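The structure under discussion appears below in the form of structure tokens.
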There are 2 protein chains.
Amino acid sequence: MRARFTTDEIASAALRIVDESGLAALSMRSLAAALGTGPMTMYNYVADKEGLEELVVAAVAAGIVVPEPSDDWAADVHATASAMWRGVRAHPAAIPLVLTRRMASATGFAIADALVGALGRAGLSDAGRLSAFHAVLGLVTGSAQAQLAGPFSGDAAETAARIGSAAGAQYPHIAALSEVATSVSVEDDFDGGLRMLIAGIAAAGSAVS
Amino acid sequence: MRARFTTDEIASAALRIVDESGLAALSMRSLAAALGTGPMTMYNYVADKEGLEELVVAAVAAGIVVPEPSDDWAADVHATASAMWRGVRAHPAAIPLVLTRRMASATGFAIADALVGALGRAGLSDAGRLSAFHAVLGLVTGSAQAQLAGPFSGDAAETAARIGSAAGAQYPHIAALSEVATSVSVEDDFDGGLRMLIAGIAAAGSAVS
DNA sequence: ACCTGAACACCGTTCAAGT
DNA sequence: ACCTGAACACCGTTCAAGT
């Protein structure tokens, strides 16, 4: 028999299952079947299901292109965070894994390092740099997810049904905002929030220095 | 027999299992057993597993106390976001569910409405208000999760092992930042990022008006 | 040594039968 | 009508046996 695989083959087969059939379709058994072997063979490449999921996260991270640093730290933070957001959004079904599993791959470290490096030139204190790093990371992953599962996700009719008719008068601010949500692209929506955060980081850096 | 439960009983029993034994321990069967009945009885209260998970998210949301609005929108955003963060962090094992499942409970809408209401007084455009809302929501949930599963989560030794020895020289910025992470409380860490974002929102609001 | 089938202890859910 | 046991089609993983 001697069927042998590289870790990359395993990882991309797993990501393909998630992309094509959803997160629930990924199992040790379905992956093994997709590779034409028995379930137990997978345990030669991965410690357990958790390890397989980390492989999927690494495969998503591998799709992120780390931008070259410039002499403008704010532009670098923007470019790095945008690259992460695009890379994550390219695999929507994998997002729960990206949010939940530790990102410990080489690309994952590389992009995080680029982000911290850019933030290091913002004139922040050490603690401020850590806060800003967590905030950008949280904003990227959190708003990628919020756009998919937040109160305004799904089509307009669904949103209206959920908020408008069910509790329209009780929650007037949400109801009003839900109409805005139909006319803004998710790219612009994310970009707006990111620019606000970067402006706030810049202000905090100026205050320290 | 006639064993009957309220939805609240189901929800808090489910949340208790998650809190005490972890997310993996929550199943239709374990929940039914905890309530002293058979698995099928649960289907009288919940459509499927997904519905049960939404019940857990609602139970977490119910623990959030929505702050009273003041005449300072920035203070209100800060208070609302902080209340969400504390409420979410009170149930760490449930966070993957909070991130992933739609928050559609009454308290969930109430806190979101309070947040949008406060942001409505920041002088933003409609699109800016939506961006700011998604950004704050993403920051709260995303950084709660990043603190638990990000590159600096776990104890210091574990972090060092993951980054320092494995790839210390390759990723110098992360390695340096990991030492900062040991001396900052998660509360202060989150608060710093939130204040940066609010400052950026304020700046965007001033620019428009 | 590396690989993998059989088996075990789970799981969510359908279906049909109970009251 | 509401409730729930038996059964089905899965799942991750241990164990032991193959090469």
Side-chain angles (χ1 to χ4, degrees), chain A residues 1-59 93-94 96-102 104 149, chain B residues 1-59 93-94 96-102 104 149:
Chain A
M1 216 38 194
R2 288 232 120 232
R4 298 241 38 205
F5 310 101
T6 67
T7 301
D8 272 359
E9 284 169 346
I10 308 270
S12 52
L15 182 55
R16 184 161 45 243
I17 290 174
V18 172
D19 282 340
E20 289 175 0
S21 314
L23 190 50
L26 178 68
S27 70
M28 292 288 189
R29 300 172 108 105
S30 68
L31 175 62
L35 290 166
T37 182
M40 281 312 103
T41 304
M42 297 299 99
Y43 286 85
N44 291 307
Y45 303 89
V46 128
D48 50 15
K49 182 85 188 289
E50 176 88 20
L52 174 59
E53 291 171 342
E54 280 171 15
L55 229 51
V56 173
V57 174
L97 254 34
V98 174
L99 289 233
T100 279
R101 267 58 189 170
R102 196 166 265 130
Chain B
M1 216 38 195
R2 290 233 118 232
R4 300 241 36 206
F5 310 100
T6 66
T7 302
D8 272 359
E9 285 169 344
I10 307 270
S12 52
L15 182 55
R16 186 161 43 243
I17 291 174
V18 173
D19 283 340
E20 289 175 1
S21 313
L23 191 50
L26 178 68
S27 70
M28 292 288 189
R29 300 172 107 104
S30 69
L31 176 61
L35 291 166
T37 182
M40 281 312 104
T41 304
M42 298 298 99
Y43 286 85
N44 291 308
Y45 303 90
V46 128
D48 51 15
K49 182 83 190 289
E50 177 88 19
L52 173 59
E53 292 171 342
E54 279 171 16
L55 229 50
V56 173
V57 174
L97 254 36
V98 174
L99 290 232
T100 280
R101 269 57 190 172
R102 218 183 293 277

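Model, not experiment: these values are computed from the prediction. Per chain, numbering begins at 1; letters A, B, ... match sequence-line order. Only heavy atoms go into these numbers, but all of them, side chains included; no hydrogens, no water, no symmetry mates.
The base-pairing partner of C:dC8, taking Watson-Crick or G-U wobble contacts with both distances under 3.5 Å, is D:dG12. D:dT19 is paired with C:dA1 under the Watson-Crick or G-U wobble criterion, all donor-acceptor distances under 3.5 Å.
Distance CE (B:Met40) to C1' (C:dT13): 6 Å, rounded to an integer number of Å. When the P atom of D:dC2 is taken as reference, atom CE of B:Met42 falls 16 Å away, rounded to whole Å. The CG atom of B:Leu26 sits 15 Å away from the C1' atom of C:dC10 (whole-angstrom rounding). Distance CG (A:Leu52) to C1' (D:dC11): 13 Å, rounded to an integer number of Å. Taking atom CD of residue B:Glu53 and atom C1' of nucleotide C:dG12, one finds them 11 Å apart after rounding to whole Å. Rounded to whole angstrom, the span from the CG atom of A:Asn44 across to the C1' atom of D:dT19 amounts to 13 Å. Taking atom NZ of B:Lys49 as the reference point, atom P of C:dG12 lies 5 Å away to the nearest angstrom. If you take CE of A:Met28 and P of D:dC10, they are 18 Å apart, rounded to a whole angstrom.
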Working for side chain to side chain contact (heavy atoms under 4.5 Å, CB included), residues A:Arg4 and A:Asn44: CA-CA 10 Å; A:Arg4 298 241 38 205; A:Asn44 291 307; 5.9 Å; no

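Counting only heavy atoms from C-beta on, B:Arg4 has its side chain closest to D:dC3 among D:dG5, C:dG12, D:dC3. Comparing C:dG12, D:dT13, D:dG12 against the side chain of A:Ser27 picks out D:dG12 as the nearest. Distance from the side chain of B:Arg29 is smallest to D:dA7 among D:dC3, D:dA7, C:dA7.
Contact between the side-chain N/O atoms of B:Tyr43 and the OP1/OP2 oxygens of C:dT13 is found at a separation under 4.0 Å. For C:dC3, neither phosphate oxygen OP1 nor OP2 lies less than 4.0 angstrom from any side-chain nitrogen or oxygen of A:Thr41. Distances shown here put every side-chain N or O of A:Thr37 at or beyond 4.0 Å from the OP1 or OP2 atom of C:dC3.
The line from CZ of A:Arg101 to CD of A:Glu50 is 4.5 Å long, rounded to the nearest 0.5 Å. Remark: A:Glu53 CD to A:Leu23 CG distance equals 7.0 Å, nearest 0.5 Å. Atoms CG and CG, on A:Leu52 and A:Leu26 in that order, are 5.0 Å from each other to the nearest 0.5 Å.
Under the 4.5 Å side-chain criterion, counting only non-hydrogen atoms from C-beta, B:Leu55 is not in contact with B:Tyr45.
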